[in-house]
Undergrad: 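Following this message is one structure expressed as structure tokens.
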Amino acid sequence: MNKREAELLKQAQQASPTWMRVEQARHPMRPSPMDFIKGIFTDFTEIHGDRRFGDDQALGCGMATVGSQQVMAIGTRKGSSFKERMKSNFGMPSPEGYRKALRCMKIAEKFGRPVVCIIDVVGAYPGPSAEERGQAEAIARNLLEMSRLRVPTIAVISGEGGSGGALGLAVADRVLILENAVYFVAAPEFAASLTWKDPEQKHLAAEAMRISAPEVAALGCVDEVISEPPGGAHTDREAAIRLLGDALKRHLADLSGKPLDVLLGERYTKFRHIASFSCNAPK
């Protein structure tokens with residue numbers, strides 16, 4: 001049975017390697033951002049509420065320690081049971097979630113703590129109630145404020161990095177992505193519905209959009225691809241957590257040694273040059 005399963009997996013990967021990464025990113029046993037936070041950081045103390053409307057359970061934010069470094073850790077939360085998924089709105093943050101995250105980033109800035117965001121989200125909540133409370137403004141405000149936050153920042157795409165829902169937490173000095181994670185402007189099913197008028201063509205959309213970790217790294221959208229255990233992070237959760245933890249410590253040590261003006265200048269330059277191309281084609 002194991003041999004047959006391996007053969008079927010190999011055939012599926014050959015047919016649509018990018019879609020297989022999507023499946024791995026969505027695997028129910030894959031470590032969640034909060035699993036990574038609990039496994040990598042110690043003394044995580046959660047901060048609640050945006051001081052405007054409420055406390056969004058789709059985002060967990062709090063002070064924590066990694067090694068000897070104190071940081072602000074922020075992670076998306078989907079929940080493991082149906083009750084938890086309902087409570088966290090199936091991992092789709094609302095405006096108050098982004099405002100809570102920004103409030104915590106400002107606390108980190110006040111005390112000189114680096115910010116680490118671990119992201120696994122298909123997108124921000126698109127419902128009428130979220131739009132009424134300013135979803136677009138909340139995400140746009142995070143983009144602006146994160147671009148000039150005066151502390152080191154790291155964002156990690158650990159599963160799905162969907163559209164503005166992910167970008168609202170990912171304007172960082174270092175953007176990392178796990179080997180089998182995906183980063184996209186729209187879910188493959190939605191893109192297939194628009195392009196082919198058939199969501200079943202999702203594997204074609206996944207290949208066309210170039211959303212896999214190596215592809216987004218080639219575009220300059222992420223700074224490093226973090227290896228996963230053979231077979232994916234869900235096959236050895238402890239090893240996956242350890243690999244990401246090692247990478248975070250390395251990047252935190254590197255960023256902490258940079259002067260603030262250099263840090264902000266490099267952050268600005270990095271995002272100005274993402275996915276740049278030349279129109280000067282040879283005649």
Side-chain angles (χ1 to χ4, degrees), residues 30-125 130 133 135 138-139 141-142 145-146 149 151-162 165-172 176 178 233 237-238 240-242 244-245 248-249 251-252:
R30 188 177 182 83
S32 70
M34 298 310 294
D35 290 332
F36 282 114
I37 287 175
K38 291 175 183 177
I40 295 170
F41 303 102
T42 57
D43 305 322
F44 177 69
T45 305
E46 190 164 356
I47 299 171
H48 296 279
D50 69 341
R51 292 186 175 175
R52 293 189 186 184
F53 181 81
D55 183 29
D56 184 6
Q57 292 298 310
L59 278 172
C61 314
M63 292 290 194
T65 305
V66 54
S68 60
Q69 177 78 65
Q70 292 184 318
V71 303
M72 178 65 73
I74 299 172
T76 55
R77 179 190 282 130
K78 291 184 177 180
S80 54
S81 66
F82 182 75
K83 186 176 181 180
E84 289 178 353
R85 291 189 183 100
M86 288 288 291
K87 189 176 180 180
S88 62
N89 201 28
F90 296 89
M92 293 183 290
S94 57
E96 47 271 21
Y98 292 102
R99 291 178 180 131
K100 175 174 69 171
L102 181 57
R103 179 168 85 88
C104 291
M105 292 178 200
K106 288 297 186 179
I107 293 173
E109 184 180 50
K110 179 179 179 179
F111 292 101
R113 308 280 178 85
V115 175
V116 178
C117 299
I118 305 182
I119 303 159
D120 181 7
V121 58
V122 71
Y125 180 57
R133 297 196 300 274
Q135 182 73 286
I139 293 173
R141 176 64 59 181
N142 277 28
E145 296 294 345
M146 286 192 77
L149 205 65
V151 289
T153 54
I154 299 176
V156 181
I157 309 299
S158 67
E160 292 182 278
L167 195 60
L169 300 170
V171 179
L176 315 179
L178 268 63
R237 294 160 64 91
E238 292 183 2
I241 291 170
R242 185 172 61 254
L244 178 56
L248 285 176
K249 292 173 186 176
H251 284 284
L252 281 170

Undergrad: May I ask you to decide if Tyr98's main-chain N or O and Asn142's side chain share a donor-acceptor pair within less than 3.5 Å?
TA: yes
Undergrad: Is the number of heavy atoms from other residues, nucleotides or ligands within 6.0 Å of CZ (Arg103) greater than 12?
TA: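 Atom CZ in Arg103 is packed in, count exceeds 12.
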Undergrad: Distance-only criterion, 3.5 Å: show the donor-acceptor pairs between side-chain atoms of residues 65-73 and protein atoms not counting sequence neighbours.
TA:
unit_1	atom_1	unit_2	atom_2	d
Gln70	OE1	Arg113	NE	3.4
Gln70	OE1	Arg113	NH2	3.0

Undergrad: Apply the test side-chain contact (heavy atoms from CB on, under 4.5 Å) to residues Leu176 and Leu248: give CA-CA distance (whole Å), side-chain angles for both, the deciding distance (0.1 Å), then the verdict.
TA: CA-CA 9 Å; Leu176 315 179; Leu248 285 176; 4.2 Å; yes
Undergrad: According to the salt bridge (Lys or Arg N to Asp or Glu O under 4.0 Å) rule, which pairs have a member within residues 55-73, sequence neighbours left out?
TA: Asp55-Lys100
Undergrad: List the steps and the verdict of side-chain contact (heavy atoms from CB on, under 4.5 Å) for Val116 and Ile40.
TA: CA-CA 11 Å; Val116 178; Ile40 295 170; over 6 Å; no
Undergrad: Side chains of Leu169 and Leu59: closer than 4.5 Å at any heavy-atom pair?
TA: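 Sidechains of Leu59 and Leu169: in contact.
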Undergrad: Please name all residues satisfying side-chain hydrogen bond (donor to acceptor under 3.5 Å, both in side chains) with Glu46, sequence neighbours left out, ordered by chain then number.
TA: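 Here the qualifying residues are Arg77.
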Undergrad: Checking Leu167 against Ile139 for the side-chain contact (heavy atoms from CB on, under 4.5 Å) test, could you report, in this order, the C-alpha distance in whole Å, the side-chain angles of both residues, the deciding distance, and whether it holds?
TA: CA-CA 8 Å; Leu167 195 60; Ile139 293 173; 5.8 Å; no
Undergrad: Excluding sequence neighbours, so at least two apart, what forms salt bridge (Lys or Arg N to Asp or Glu O under 4.0 Å) with Lys106?
TA: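 Once residues adjacent in sequence are excluded, the partners of Lys106 under the salt bridge (Lys or Arg N to Asp or Glu O under 4.0 Å) criterion are Glu109, Glu145.
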Undergrad: Looking at every heavy atom in both Pro31 and Phe36, which two are closest together, and how far apart are they?
TA: O-CE1, 3.5 Å
Undergrad: Can you measure from CD1 (Ile119) to CD1 (Ile157) and round to the nearest 0.5 angstrom?
TA: 4.0 Å
Undergrad: For the atom pair CE (Met146) and CG (Leu102), what is the distance rounded to the nearest 0.5 Å?
TA: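 It comes to 9.0 Å.
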Undergrad: How would you list all residue pairs meeting side-chain hydrogen bond (donor to acceptor under 3.5 Å, both in side chains) that involve residues 30-42, not counting sequence neighbours?
TA: Arg30-Glu228, Ser32-Asp35, Asp35-Arg237
Undergrad: Show the numbers, then the answer: is there a side-chain contact (heavy atoms from CB on, under 4.5 Å) between Val156 and Leu178?
TA: CA-CA 8 Å; Val156 181; Leu178 268 63; 3.8 Å; yes
Undergrad: Could you tell me which non-hydrogen atom of Cys61 sits nearest to which non-hydrogen atom of Ile74, and how far apart they are?
TA: SG-CG2, 3.9 Å
Undergrad: Under the rule for side-chain hydrogen bond (donor to acceptor under 3.5 Å, both in side chains), what residues qualify as partners of Glu96, not counting sequence neighbours?
TA: Ser94, Arg133
Undergrad: What closest approach, in Å, do Ala240 and Ala233 show between heavy atoms, and which atom pair accounts for it?
TA: CB-CB, 3.7 Å
Undergrad: Over all heavy atoms of both residues, which pair between Pro33 and Ser158 is shortest? Give the atoms and the distance, please.
TA: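 Smallest heavy-atom distance, with atoms named: CG-OG, 3.7 Å.
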Undergrad: Taking all atoms of both residues into account, what is the closest heavy-atom pair of Gln135 and Ala124, and its distance?
TA: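 Heavy atoms of Gln135 and Ala124 come nearest at NE2-CB, 3.6 Å.
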Undergrad: Can you give me the closest heavy-atom contact between Ala155 and Ala172, atom names plus distance?
TA: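 Nearest pair, atom of Ala155 first, then Ala172: N-CB, 3.6 Å.
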Undergrad: With sequence neighbours excluded, what pairs up with Lys78 under the side-chain hydrogen bond (donor to acceptor under 3.5 Å, both in side chains) test?
TA: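 Lys78: side-chain hydrogen bond (donor to acceptor under 3.5 Å, both in side chains) contacts with Asp120.
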Undergrad: Using the test side-chain hydrogen bond (donor to acceptor under 3.5 Å, both in side chains), find all partners of Asn89 that sit at least two apart in sequence or belong to another chain.
TA: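 Once residues adjacent in sequence are excluded, Asn89 has no partner under the side-chain hydrogen bond (donor to acceptor under 3.5 Å, both in side chains) criterion.
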